[in-house]
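Index from 1, following the sequence.
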Amino acid sequence: MSTYGTTRHHHSPAANYSNRDRVTNYHTTLFRRLTWDGTVPLEIRVDPKELPANSDRNLECYFVQAPRVSYLPLLMPEIRRFFMDLVFDETAAKDLKDEEWWFETTEGTLIKWHWPIGLIYDNHAISASLKPSTSRSSANVTPLRLILHLASPPNDKLLLSPSPEACKQAFMGQLKEADFIRWGSTKRMTGLRQQDQDGLWEGIKEHNFDDYWRVASKVTPTTAPTRAQSPAPPSSSASMVNRPPSADPGGPSERDGAYNVRSIPVRLYLPDGPVIQDLVPPMVDDNTPRTLSHYLTDHIPLLFPAAPPAPPPSRTNPHPRPPPVPRPAYVLVQGIVMPLETEMAWLGGCLAGADGWVNVCIGINP
């Protein structure tokens, strides 16, 4: 779990739009690349009660630094090869069936095949935040410990088989659903050639950033704002720092902009709680960008209370500030601790998952 800052580049109002677009594209690609290159540590151990006879118990644990955007079914060939070659007795392993393998955490939480690995890791991190001894810094270096079971999968809870093909179908379904939420139809996805649709999954499967985004850029909104009627940004230095560089106002009008979508596809994950799927408009009623603070205050105000107004000015305090608001919780998106001033449209354009969804995970501060 990492915390990244944002760097803002100031431009003269006279700067031409092509230069601004190049800066926007650079920062958008930078954040997308950081997300794509992110990895999480996994420790995979076979349930000792299910180890085949004569297995080598000295090598029963497998470690991997897995891509956040990948899926466990895509790691299964490598995991299987390790255990078959080094751990399991050859004769006893002949009776094992790959389709009966499944995972759970050491705490007993079932791992879903169709969740991205990064989301699995983040969801475990926020669940662990409920424990008094857990801190955010310790979560940085802690592998996610998974128990591999070799039989009796709870298929009614896993929802789909562990095959890459089943995972691909779930992935494509998520993309189409996100496409509909953003644009009001699935024309962008269904309008792709079959070769391009398959190329999206191949980019995930081969972990190839360029191959994936060559196609994904056709359906994913840009982060250049497109609102000619939007107010100018505040001039205070604090607001300038917290606003992502790709959200600078101005520039040519583009109907494909993240601030012009109908809604942003968002899923909200609470520690040991339900998953809330929501349609999030990019703008609030006064036509300013909707932020994480707006979204979370509306949905979970007990964890993210609204800021009270500043007290009236007085002779001793002519410029009062609002009193500080306690923050019992924090936000993870793609493993990054997000400032509440982050704009939802920017998240949808830069930090959405490969399936098009912005996964917002809520952890509890110690």
*asked:* Please give me the minimum heavy-atom distance between L42 and A66, naming the atom from each residue.
replied: CD1-CB, 3.9 Å
*Taking 4.0 angstrom as the limit, do D37 and R33 come out as a salt bridge?*
yes
*side-chain contact (heavy atoms from CB on, under 4.5 Å) with R321: which residues, sequence neighbours excluded?*
none
*Under a 4.5 Å cut-off applied to non-hydrogen side-chain atoms, are R290 and D298 in contact?*
yes
_Under 6.0 Å from the ring centre and within 45 degrees of the ring axis: does the NZ or CZ of R262 meet both conditions for the six-membered ring of W183?_
no
*Sub-3.5 Å donor-acceptor pair from the side chain of S129 to the main-chain atoms of I126, do we have one?*
yes
*Between atom CD1 of I79 and atom CZ of F83, what is the distance when rounded to the nearest 0.5 Å?*
7.5 Å
Sequence neighbours left out, cut at 3.5 Å: what donor-acceptor pairs do the side chains of residues 265-273 make with other protein atoms?
unit_1: R267; atom_1: NE; unit_2: Q277; atom_2: OE1; d: 3.0
unit_1: R267; atom_1: NH1; unit_2: Q174; atom_2: OE1; d: 2.9
unit_1: R267; atom_1: NH2; unit_2: Q174; atom_2: OE1; d: 2.8
unit_1: R267; atom_1: NH2; unit_2: Q277; atom_2: OE1; d: 3.2
unit_1: Y269; atom_1: OH; unit_2: N359; atom_2: OD1; d: 3.4
unit_1: D272; atom_1: OD1; unit_2: S127; atom_2: OG; d: 3.2

_Distance-only donor-acceptor check, side chains E107 and T109, under 3.5 Å_ = no
*Rest of the hydrophobic cluster containing L302 (Ile/Leu/Val/Met/Phe/Trp/Tyr, side-chain heavy atoms under 4.5 Å)?*
none
*Are F31 and H27 close enough that their ring centres sit under 6.0 Å apart?*
no
*Who are the side chain to side chain donor-acceptor pair (under 3.5 Å) partners of T291, not counting sequence neighbours?*
H294
*asked:* Please give the remaining members of the hydrophobic cluster of F209, linking ILVMFWY side chains under 4.5 Å, ordered by chain and number.
replied: W36, V69, Y71, L74, F171, M172, L175, M189, L192, L200, W201, I204, Y212, W213, V215, V219
_Name of the residue among L150, L72, V46 meeting side-chain contact (heavy atoms from CB on, under 4.5 Å) with W101_ = L150
*Salt bridge check: are D196 and R193 linked by an N-O gap of less than 4.0 Å?*
yes
_How close do R68 and L119 get, counting heavy atoms only, and between which atoms?_
NH2-N, 4.5 Å
*asked:* Quick one, L351 and M338 - any side-chain contact, counting heavy atoms below 4.5 Å?
replied: yes
*Of all the heavy-atom pairs spanning A329 and I362, show the shortest one and how long it is.*
CB-CG2, 3.8 Å
*Verify whether the ring centers belonging to F103 and W113 lie closer than 6.0 Å.*
yes
*asked:* Testing the basics here: between P154 and L110, what is the closest heavy-atom pair and its distance to 0.1 Å?
replied: CG-CD1, 3.8 Å
_Sequence-distant partners of F82, side-chain contact (heavy atoms from CB on, under 4.5 Å), two or more places apart_ = Y62, L86, V87
Could you give the side-chain donor-acceptor pairs of residues 304-318 under 3.5 Å, partners two or more places apart or in another chain?
unit_1: S314; atom_1: OG; unit_2: T316; atom_2: OG1; d: 3.3
unit_1: S314; atom_1: OG; unit_2: N317; atom_2: N; d: 3.0

*Ignoring hydrogens and angles, state whether a donor on the side chain of Q334 or T35 is under 3.5 Å from an acceptor on the partner side chain.*
no
*State which residues pass side chain to side chain donor-acceptor pair (under 3.5 Å) with K168; sequence neighbours excluded, sorted by chain then number.*
D198
*With sequence neighbours excluded, what pairs up with E43 under the side-chain contact (heavy atoms from CB on, under 4.5 Å) test?*
R45, C61, F63, P143, R145
*Which residues satisfy the salt bridge (charged side-chain N to carboxylate O under 4.0 Å, His left out) test with D278, sequence neighbours excluded?*
none
*Would you please name every residue forming a side-chain contact (heavy atoms from CB on, under 4.5 Å) with P153, sequence neighbours left out?*
E100, W102, N155, L158
_Looking at every non-hydrogen atom in both residues, tell me the closest pair between G203 and D211 and how far apart they are._
CA-CB, 4.5 Å
_Donor-acceptor check, side chain of S70 to backbone of P67, threshold 3.5 angstrom: yes or no?_
no
*Shortest non-hydrogen contact between V64 and E78, atoms and distance*: CG2-OE2, 4.4 Å
*asked:* Please give the remaining members of the hydrophobic cluster of L279, linking ILVMFWY side chains under 4.5 Å, ordered by chain and number.
replied: I181, W357
